[in-house]
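These numbers come from the heavy atoms of this one structure, side chains and all, not from hydrogens, waters or symmetry mates. Each ligand, and each atom within it, is numbered from 1 in the order the structure gives.
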Amino acid sequence: MNLFHLLDGSARRFADREAVFHGTELFATYAELHRRALALANALGSMYEPGSRIAIVSENRPEYVELMFGVWGAGMVAVPLNANLHAKEVAQIAEDAQAAVVFASPKHALPLAGQLRAQRPVVAIGETAYQQCLDAAPAMPVEVRPEQLAWLFYTSGTTGRPRGAMLSHRNLLAMAVAHLADIEQIDEHASQIHAAPMSHGSGMYIPAYIARGARHVIPASGAFEPDEFLALCNVHASCGAFLPPTMVQRLRQEVERSGLRPRHLRCIVYGGGPMYVDELKKSINTFGHVLAQIYGQGEAPMTITGMRSSDHVDAGENVLGSVGWPRTGVEVRVVDGQDRDLPAGEIGEIVCRGDVVMAGYWNNPAATADTLRGGWLHTGDMGSFDERGCLTLRDRSKDVVISGGSNIYPREVEEVLLRHPGVAEVCVVGAPDPEWGEIVVAFIALSGGASVTQEELDAHCLANIARFKRPKRYLFIDELPKNSTGKVLKRELRKQI
Ligand code: AMP
């Protein structure tokens with residue numbers, strides 16, 4: 001069962017329909033996409049063994065889709081890497097993955113070739129060597145077993161050295177099926193706008209959209225530009241996109257600033273980081289009920305729990321602040337330190353099991369055994385169920401602040417501070433303290449033109465949360481540091497304390 005069969009099916013059924021757009025320009029129909037992917041599969045197969053790792057380092061480009069399917073068609077393993085990594089970091093991961101070759105966009109190819117030297121070849125996507133691969137005769141896709149690897153997913157790295165989660169064909173198929181079952185209604189008239197990186201969040205939705213014969217739209221900028229995104233939503237039909245919460249916020253602000261409305265916006269799938277209730281309400285107000293949520297991690301490709309857009313309608317704050325319900329085919333539990341189930345209302349570690357859960361970490365049996373102990377993926381996230389099985393995420397266990405023996409969940413303090421009208425962004429972390437063990441420190445970015453004092457924020461917290469949870473220090477900064485997927489880099493902030 002090779003994921004490639006999704007493309008086989010759609011190419012047969014929807015041969016002349018548009019499959020990939022570069023901005024507003026048609027890049028490939030389904031028949032063309034199929035032919036190009038099979039040619040790439042043939043070219044790869046003539047150079048490397050099945051099971052070889054093929055690294056991809058590129059901003060979002062239309063070739064991304066054919067390359068992924070070309071790699072799968074050849075029975076090889078895609079290793080898409082964050083294009084914002086330093087060439088040295090790419091070299092380190094390529095070495096860890098023992099990648100046979102690195103496909104890089106022209107702007108990354110040269111620095112990478114310099115860094116990798118003779119160790120592994122670099123092919124510039126879209127240029128001569130790549131075009132020669134496309135001239136190969138189409139090959140038959142290689143047979144693979146469902147448990148064979150399809151994607152080595154290097155986690156986005158907000159917490160240290162990246163690790164490669166091994167995702168199989170079965171994992172990605174289970175993810176695609178769960179997406180279609182739980183989150184989005186997609187048919188051949190739908191378009192997916194790839195604004196978030198295709199190496200991570202957005203690329204994970206390629207199989208589901210291919211399965212339905214839908215369109216992939218890659219912005220000409222290769223990234224998320226709010227005004228470009230809005231314009232694309234007025235050109236393409238029935239638009240959906242995965243956007244991390246920070247991009248949802250920027251999009252909303254752009255709509256408010258410009259007055260432009262995305263006419264064909266059907267669905268924004270948000271997740272990958274906390275969506276604060278205040279921002280969610282504002283976004284629903286601006287876009288209507290088109291927002292759906294996913295909670296997951298690289299180790300269970302963005303498929304642990306979720307919330308349909310309809311779950312947001314007339315929902316209370318407790319549901320809006322949650323991550324929704326377990327996804328189809330995924331068992332989710334909240335457990336204590338000995339992996340015993342905790343009752344509704346009690347906070348523990350979130351663990352899950354199902355066809356979406358990775359086989360383990362590449363070349364790292366110790367981390368695999370620890371993370372998958374007892375056959376359950378230990379997410380490192382803390383959360384609690386309510387009586388209806390709705391999961392609320394607190395924070396990653398290592399981000400919980402323990403002050404004077406009490407657990408303080410940064411997200412709860414952040415939600416309160418964000419309700420202050422002068423606060424644009426906030427991130428709460430713990431800092432070592434000789435008296436309390438740890439104290440709560442809040443990094444605050446103020447809204448343009450606002451002037452808010454520490455005393456005002458303190459009074460605001462005292463009016464809303466327990467005294468012991470309020471920050472003991474406030475540090476004002478212009479903007480929170482984030483990685484390319486929009487996640488706040490807590491470790492960068494901790495260095496500033
Ligand atoms: P990564 O594997 O790097 O994409 O990071 C996954 C982590 O992001 C999860 O373990 C959570 O801590 C966080 N995360 C993912 N989805 C959500 C969500 N919907 N709400 C809050 N945090 C999330």
Side-chain angles (χ1 to χ4, degrees), residues 80-82 84-85 93 151-167 171 175 179 182-183 196-205 242-249 268-277 279-280 283 291-309 311-312 319-327 330 332 334 347 349-352 356-358 361 367 371 377-384 390-400 409-412 414-415 427-428 482-491:
L81 296 181
N82 182 342
N84 291 331
L85 292 178
I93 295 178
W151 187 320
L152 204 47
F153 185 100
Y154 278 86
T155 51
S156 56
T158 50
T159 51
R161 206 193 141 98
R163 292 196 284 200
M166 297 192 286
L167 302 179
N171 291 151
M175 179 203 179
H179 188 70
D182 304 333
I183 305 291
M198 292 171 89
S199 57
H200 284 75
S202 201
M204 302 235 102
Y205 298 97
F242 166 80
L243 298 178
T246 45
M247 291 186 190
V248 179
Q249 181 182 27
I268 295 177
V269 179
Y270 66 90
M275 170 64 103
Y276 298 102
V277 174
E279 178 55 44
L280 182 55
S283 292
L291 288 115
Q293 183 181 196
I294 53 97
Y295 155 57
Q297 49 182 209
E299 291 81 347
M302 295 331 249
T303 313
I304 299 176
T305 65
M307 250 164 92
R308 301 166 299 182
S309 48
D311 293 323
H312 294 69
V319 170
L320 292 181
S322 79
V323 289
W325 286 268
R327 302 288 300 280
V330 184
V332 185
V334 169
I347 299 172
E349 184 174 7
I350 299 165
V351 300
C352 72
V356 290
V357 172
M358 65 165 183
Y361 293 111
T371 306
L377 170 67
H378 289 68
T379 62
D381 290 321
M382 306 297 285
S384 62
C390 180
L391 185 70
T392 295
L393 207 67
R394 304 294 158 169
D395 282 281
R396 294 196 61 76
S397 50
K398 49 187 165 307
D399 290 334
V400 174
Y409 296 95
R411 167 102 185 241
E412 189 187 355
E414 289 163 356
E415 292 272 11
C427 179
V428 163
K482 301 181 197 81
N483 69 10
S484 63
T485 51
K487 279 185 205 285
V488 175
L489 292 166
K490 287 198 170 191
R491 66 165 186 263

At under 4.0 Å between heavy atoms, is it the side chain or the backbone of Gln293 that contacts ligand 1, or both, or neither?
side chain
Looking at Gly271, which atoms of ligand 1 are within less than 4.0 Å of one of its heavy atoms?
19 (N)
All N/O donor-acceptor pairs, side-chain side in residues 297-304, below 3.5 Å, sequence neighbours left out:
unit_1: Gln297; atom_1: NE2; unit_2: Thr379; atom_2: O; d: 3.2
unit_1: Glu299; atom_1: OE2; unit_2: Tyr361; atom_2: OH; d: 2.6
unit_1: Thr303; atom_1: OG1; unit_2: Pro301; atom_2: O; d: 2.6

Contact check, Asp395 vs ligand 1, heavy-atom distance below 4.0 Å
no
Kindly confirm or rule out an N or O of Met275 lying under 3.5 angstrom from an N or O of ligand 1.
no
For side-chain contact (heavy atoms from CB on, under 4.5 Å), just list the numbers for Trp325 and Val319, CA-CA rounded to whole Å, side-chain angles, deciding distance to a tenth of an Å, and then say yes or no.
CA-CA 10 Å; Trp325 286 268; Val319 170; 4.3 Å; yes
Picking from Met166, Met358, Met204, what satisfies side chain to side chain contact (heavy atoms under 4.5 Å, CB included) with Trp151?
Met204
Measure the acute angle between the ring planes of Phe153 and His200, then classify it against the limits of 30° and 60° as parallel, tilted or perpendicular.
perpendicular
Nitrogen or oxygen of Gly272 less than 3.5 angstrom from that of ligand 1:
yes
Glu415 side-chain N/O to Val277 backbone N/O, donor-acceptor pair under 3.5 Å:
yes
With side-chain contact (heavy atoms from CB on, under 4.5 Å) as the test, would you mind laying out the steps for His312 and Leu280 before giving the verdict?
CA-CA 9 Å; His312 294 69; Leu280 182 55; 3.9 Å; yes
Where's the contact between Gln297 and ligand 1, heavy-atom distance under 4.0 Å: side chain, backbone, both or neither?
both
So Cys427 and Glu414, side-chain contact (heavy atoms from CB on, under 4.5 Å) or not? Walk me through it.
CA-CA 6 Å; Cys427 179; Glu414 289 163 356; 4.1 Å; yes
Selection from Gly201, Gly306, Gly298, Gly380 by shortest heavy-atom distance to atom 2 (O) of ligand 1
Gly298
Residues two or more places apart in sequence or in another chain: which of them pass side chain to side chain contact (heavy atoms under 4.5 Å, CB included) with Pro245?
Met275
Using a plain distance cutoff, I'd like to know if Ile294 has any nitrogen or oxygen under 3.5 Å from a nitrogen or oxygen of ligand 1.
yes
Structural part of Lys487 in contact with ligand 1, heavy atom criterion under 4.0 angstrom
side chain
So, regarding Leu393 and ligand 1 (criterion: nitrogen or oxygen to nitrogen or oxygen, under 3.5 Å), is there a contact or not?
no
Quick check: does Tyr270 get an N/O under 3.5 Å from an N/O on ligand 1?
no
